[in-house]
Number of protein chains: 4
Amino acid sequence: MSERVFIDATADTVGYTFGGREPIATLTPGVPVRVRTWDCFAGKVRTVDDLPSQVCEFPYLNPVTGPFHVDGARPGDTLALHLISLTPASTIGFSSTFPHFGALTGTHTTAMLHPPLEERVWQYTVDHDRRTVRYAARSSDYSVDLPLTPMLGTVGVAPAAGEVRASIVCGPHGGNLDSPLLQAGTTLYLPVNADGAHLAIGDGHARQGDGELCGVAVEIPMDVVLVVDVISSVSTAWPRLETDTQVMSIGVARPLEDAYRAAHADLIGLVTDLTGLDQLDAYQLLSQAGRAHIGNVVDTDYTIAAAIDKRLLDGAQPYRGTHQRLRAITEAS
Amino acid sequence: MSERVFIDATADTVGYTFGGREPIATLTPGVPVRVRTWDCFAGKVRTVDDLPSQVCEFPYLNPVTGPFHVDGARPGDTLALHLISLTPASTIGFSSTFPHFGALTGTHTTAMLHPPLEERVWQYTVDHDRRTVRYAARSSDYSVDLPLTPMLGTVGVAPAAGEVRASIVCGPHGGNLDSPLLQAGTTLYLPVNADGAHLAIGDGHARQGDGELCGVAVEIPMDVVLVVDVISSVSTAWPRLETDTQVMSIGVARPLEDAYRAAHADLIGLVTDLTGLDQLDAYQLLSQAGRAHIGNVVDTDYTIAAAIDKRLLDGAQPYRGTHQRLRAITEAS
Amino acid sequence: MSERVFIDATADTVGYTFGGREPIATLTPGVPVRVRTWDCFAGKVRTVDDLPSQVCEFPYLNPVTGPFHVDGARPGDTLALHLISLTPASTIGFSSTFPHFGALTGTHTTAMLHPPLEERVWQYTVDHDRRTVRYAARSSDYSVDLPLTPMLGTVGVAPAAGEVRASIVCGPHGGNLDSPLLQAGTTLYLPVNADGAHLAIGDGHARQGDGELCGVAVEIPMDVVLVVDVISSVSTAWPRLETDTQVMSIGVARPLEDAYRAAHADLIGLVTDLTGLDQLDAYQLLSQAGRAHIGNVVDTDYTIAAAIDKRLLDGAQPYRGTHQRLRAITEAS
Amino acid sequence: MSERVFIDATADTVGYTFGGREPIATLTPGVPVRVRTWDCFAGKVRTVDDLPSQVCEFPYLNPVTGPFHVDGARPGDTLALHLISLTPASTIGFSSTFPHFGALTGTHTTAMLHPPLEERVWQYTVDHDRRTVRYAARSSDYSVDLPLTPMLGTVGVAPAAGEVRASIVCGPHGGNLDSPLLQAGTTLYLPVNADGAHLAIGDGHARQGDGELCGVAVEIPMDVVLVVDVISSVSTAWPRLETDTQVMSIGVARPLEDAYRAAHADLIGLVTDLTGLDQLDAYQLLSQAGRAHIGNVVDTDYTIAAAIDKRLLDGAQPYRGTHQRLRAITEAS
């Protein structure tokens, strides 16, 4: 086994958009690399006294490492990204409320006349051995351990139609999906809209609840080992996920029922393609066997992943078995 | 162990509203009873050729057995209903599409100019021994077994403010919540709005996917063994659930993000009451440790359950330990 | 001209539901009557120091005078209600904020963690001669006259399916539509769901902005002169309005785009029925010539009226010319 | 009066994004110019047999002429754009349905299983003398004249945060707002996010109904005479409009109630700034005197304009009287 290429997160390798920037490195399909990401605060929150609205400056939020040019990726292809491992690169993570951001506060668009909620920072301690992350209340001395379940909040490529999107928003190009499903062992499929795809990643979370209720997870720098592949001439409309047991479509929309609808309509398309069921039979199968996982209910668009067990797919393999192939690389490496 | 009282589902014991009807029987807190429910089609769909829009007549859909007068229940109290067991009372269940109903079709309110989707019926076979329910496609010979996970789609009480609501709608009074979490072993808490609460139940499902995508689960008559309790002078705003490991609040609203918001705001209230955390600390805890379960995205209002592990509640017991007490009755009976 | 029957608003003639109550009087089609309504506070707010949350008691909000049995109205018919005149029965009206109610505050379902906005009452002075209503700020001495444009916030009939609905909610049965279009000269069409229709009215507003932003208009008791008619064997799905120049459908739903959709789909149905245009041609005509009027964005369901000029309808008359007939009665009376 | 500068719409002067392109010309504040815009089909629909999905190619839809560098515009300033005149540059306009686009059809995000509605094109004839535009049905020989009320569907500047947005989407930067209020005599205020603002305009409509129901107005090339101004060091969060009688804020969001909320919260901010009323008093004034105008219910985000009569503002002038100044230029020119 050769030494893996390591791309550090530095002022030169991070940015704040998808699209509109020059690649910082090239990824070769099938060759794992290790990438460091900063936390969503760009490391500026270091104590519970560092209020994000004071130490961070819009739009320098949610830095992503990249973009990476993926060899051979052409518009109309699908990019597969397999997360081999996610390792928090710190023993300390932070969360916070943020003025006019979150599911239970007035926001820019769900505009209210209330003054903002108190801005408060919480510090979490990661125990790598025990695989826990410790919540500690601010208003009392209560604390409790939660499971450490590292995930990536933000993974995306250059958007379609020549758009450049801020790294804090999400869309069909991925971006700030904030889905707890983006864990080690998962393969993410994204549309390729530009030569080389221009993949970038960031926003590691030590863990996150469903919906990212207050808008901020346990934010932490992350060491990400990943491997990519390109599925030529196969297009993908919405981000899709695959694990060893499930395949999923992610709908990205507001209101939240539209994220639910888009995810399920897309997954029905996948099921009919894979199984030969007609559309109504696939609709029925998902009605009884589908699972829906809420990603975020706080970002510019909300996300829901519709999931089905692969064992229900009559033996078919999504994307020509890409997940298994990338999985095999993982095990070999 | 004494013989349990059995209330059958008959033309005399079922109805189509919550509120507005006289009790058919009285339930004594702590005394388990067995109740039969009809399926949502009132048994009129018997083959895949029985199209619901032809054999059923609005508003005679979704019959509920009851109402039951609960001894000692007074407005301002909370009714606890513990589901001891749910046993499908048939080996055959049905699902269907229904014109202008479901998440992926134009409806009465999400009005579209499209003609309705094809109305199609699916017949499911229950294997009680293997605990499976068999999906069979209509357009091909594909079939596959799904786990049998019986649940109740509809549980409710007389609404507040003298309202009478159809059994196919849901609200703070419960009703057609269509949450897959309403399984055996779960305790449901509902507000008491009228003397005796006027509990009614129906709409058994052999299983259901998250969101009840096409609007119809695997509908089947059900034998329900349940026991009730009354928590005096404790009010409940939204339906809540408790299992051995989790406590949950169900938000009932449109759009779907409002169901998410109402559920989480209510659960934050419960967490602050139980733990002494202040509101922001509870908000933060749920942001990292909360789970959100989509019930339905098809009914007059959508439902989401916000959940937290009880082990995170610093040893506190929701509703004075009611769930454990009812659980103990279960085990004794 | 004979003396008109007058039905006063008293403890015996008002109620707080649609459905579930016995008629207080009978209306004969074609015979105008005069009906008094209380304001939405049931007269309990008398000064700016009377905070509604303290002087009013849920569910005794939004009293409606009635119900009236309409002679000859049978399920499946349409009830036409023509508003001949609306005259505020006081020179003083009140508005207020109300805790957790309104478009720019967290509510029961758009749940937020903010404390409620300040509850504040505004007193308006009506000048009947000048046809103005005077706004006076509370935090400064600024005041300004607004046009007096009396309207009825709440008009409805017994709901379908045996439901009983609180007078503060709205639906296909009408109810608390809070549309500024319900002014003198307008005819409202509602479905008849029960023998006699069981019409009730209330919630007079001296005027209201689009959407009823804070949830409370200029609330005032009202003298309403109205005349009804029954269109036999013609069903109506959503409330519809007709003036001398326009015909409209009111969609009642959440989210607000669904109210827009339901209203327009219904109006397309009316246009195709009246003109013989096919559905797409009617869709196109409304796309360029349709007007959309926001009623409320604060109640349990939101309302939007989709409107089209009758001169675009190729000479056709909605509901067999009912509006013109009732208009003629008005002018004769 | 000197000859006005004329900027034609050509392959070199139109584009398909806001941001990401070099200015094609410079505008001097206070100096009117004449700008030609193409229709949203880039002129490719020439008969009712030219189906847009066949003759147009994504993303080459909705061309905008520009961008223009506005002299002196700096980030943090507000750009004022006064529309002096809008003159359709053709006697023929087109509208159409478009697959999976419009308010009454399943779309990319409001995903449905229905096949797309029929794609159909309508040709409109403009009579410049009579100021009418003629609707002609496709399924019958019915036709009728509608008033000619020219408007611009798309006006915007370079977005914030380095984003580049397709010209078919809308946001705080303006873009495809599709508000019928953007007529001659109106001043639009937009935030300046980049040196020179990078204004671009397009998507002229001979007229449009509220909400742009089917997604496509009466699309027509347009001659636009406009004049700009820069209000230094005054920032603007949402697009605002001013006419001789009203001032308005445009909310851009989904669901539609959030567009309503954002528009009204922004207008309350303007009213408090101008009048010294406190927030609640302004909330109350808008609750009774506010008007809400639906722009579009079909684009990536919906738009609603909240409006108030300027006579209610106690003599105050929005934006230091900019509208009046630009109006005076108009009259002089």
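The chains referred to below are lettered A, B, ... by the order of the sequence lines, with proteins before strands, and numbering in each begins at 1. Note that the coordinates shown come from a computational prediction; the quantities given were computed from them, not determined experimentally.
Among the candidates C/Gly209, C/Ala259, C/Pro147, the residue making the largest number of heavy-atom pairs closer than 4.5 Å to chain D is C/Gly209. Your options are C/Arg120, C/Gln279, C/His264, and the one with the most heavy-atom pairs under 4.5 Å with chain D is C/Arg120. The greatest number of non-hydrogen atom pairs below 4.5 Å with chain D, out of C/Ala265, C/Ala217, C/Ser140, is found for C/Ala217. Of the residues considered (D/Arg311, D/His293, D/His205, D/Arg254), D/Arg311 shows the highest number of contacts with chain C, using heavy-atom pairs under 4.5 Å. Most heavy-atom pairs under 4.5 Å with chain D, from the set C/Asp258, C/Leu285, C/Val218: that is C/Leu285. With chain C as partner, the option from D/Ile268, D/Val297, D/Thr97 having the largest number of non-hydrogen pairs under 4.5 angstrom is D/Val297. With chain D as partner, the option from C/Asp314, C/Asp281, C/Leu117, C/Leu277 having the largest number of non-hydrogen pairs under 4.5 angstrom is C/Asp281. Comparing D/Ala137, D/Gly276, D/Ala307 by how many heavy-atom pairs each has under 4.5 Å with chain C, the most go to D/Ala137.
Proximity to chain C is limited to the side chain of D/Ile294, based on heavy atoms less than 4.5 angstrom apart. Contact of D/Leu313 with chain C is made through the backbone alone, with heavy-atom distances under 4.5 Å. Contacts between C/Tyr283 and chain D at a heavy-atom distance below 4.5 Å involve backbone atoms as well as side-chain atoms. The contact between C/Val216 and chain D is made entirely by backbone atoms, counting heavy-atom distances below 4.5 Å. Proximity to chain C is absent for every atom of D/Asp309, based on heavy atoms less than 4.5 angstrom apart.
With rounding to the nearest 0.5 angstrom, the SG atom of C/Cys214 is 6.0 Å from the CD atom of D/Gln288.
Contact between C/Glu257 and D/Glu257 at its shortest, heavy atoms only, is OE1-OE1, 3.8 Å. Scanning all heavy atoms of the two residues, the minimum distance from D/Leu146 to C/Ala289 falls at CD2-CB, 4.0 Å. Nearest heavy atoms, C/Asp210 versus D/Arg291: OD2-NE, 2.9 Å. Of all heavy-atom pairs spanning C/Arg261 and D/Ala103, the tightest one is NE-O, 3.2 Å. When all heavy atoms of C/Ser96 and D/Gln284 are compared, the pair lying nearest together is N-NE2, 4.3 Å. Smallest separation of non-hydrogen atoms from D/Trp122 and C/Leu280: CZ2-O, 3.4 Å.
In this structure, a donor-acceptor pair under 3.5 Å is absent between the side chains of C/Ser287 and D/Glu212.
In this structure, D/Tyr135 and C/Leu312 have side chains that are not in contact, with every pair of non-hydrogen atoms separated by 4.5 Å or more. Within the 4.5 Å cutoff, the side chain of C/Ile304 has heavy atoms near those of the D/Leu256 side chain. Side-chain contact between C/Tyr260 and D/Leu213 is present, with heavy atoms from C-beta onward closer than 4.5 Å.
Salt-bridge annotation for C/Asp278 and D/Arg138: absent, with no side-chain N of the basic residue lying under 4.0 Å from a carboxylate O of the acidic one.
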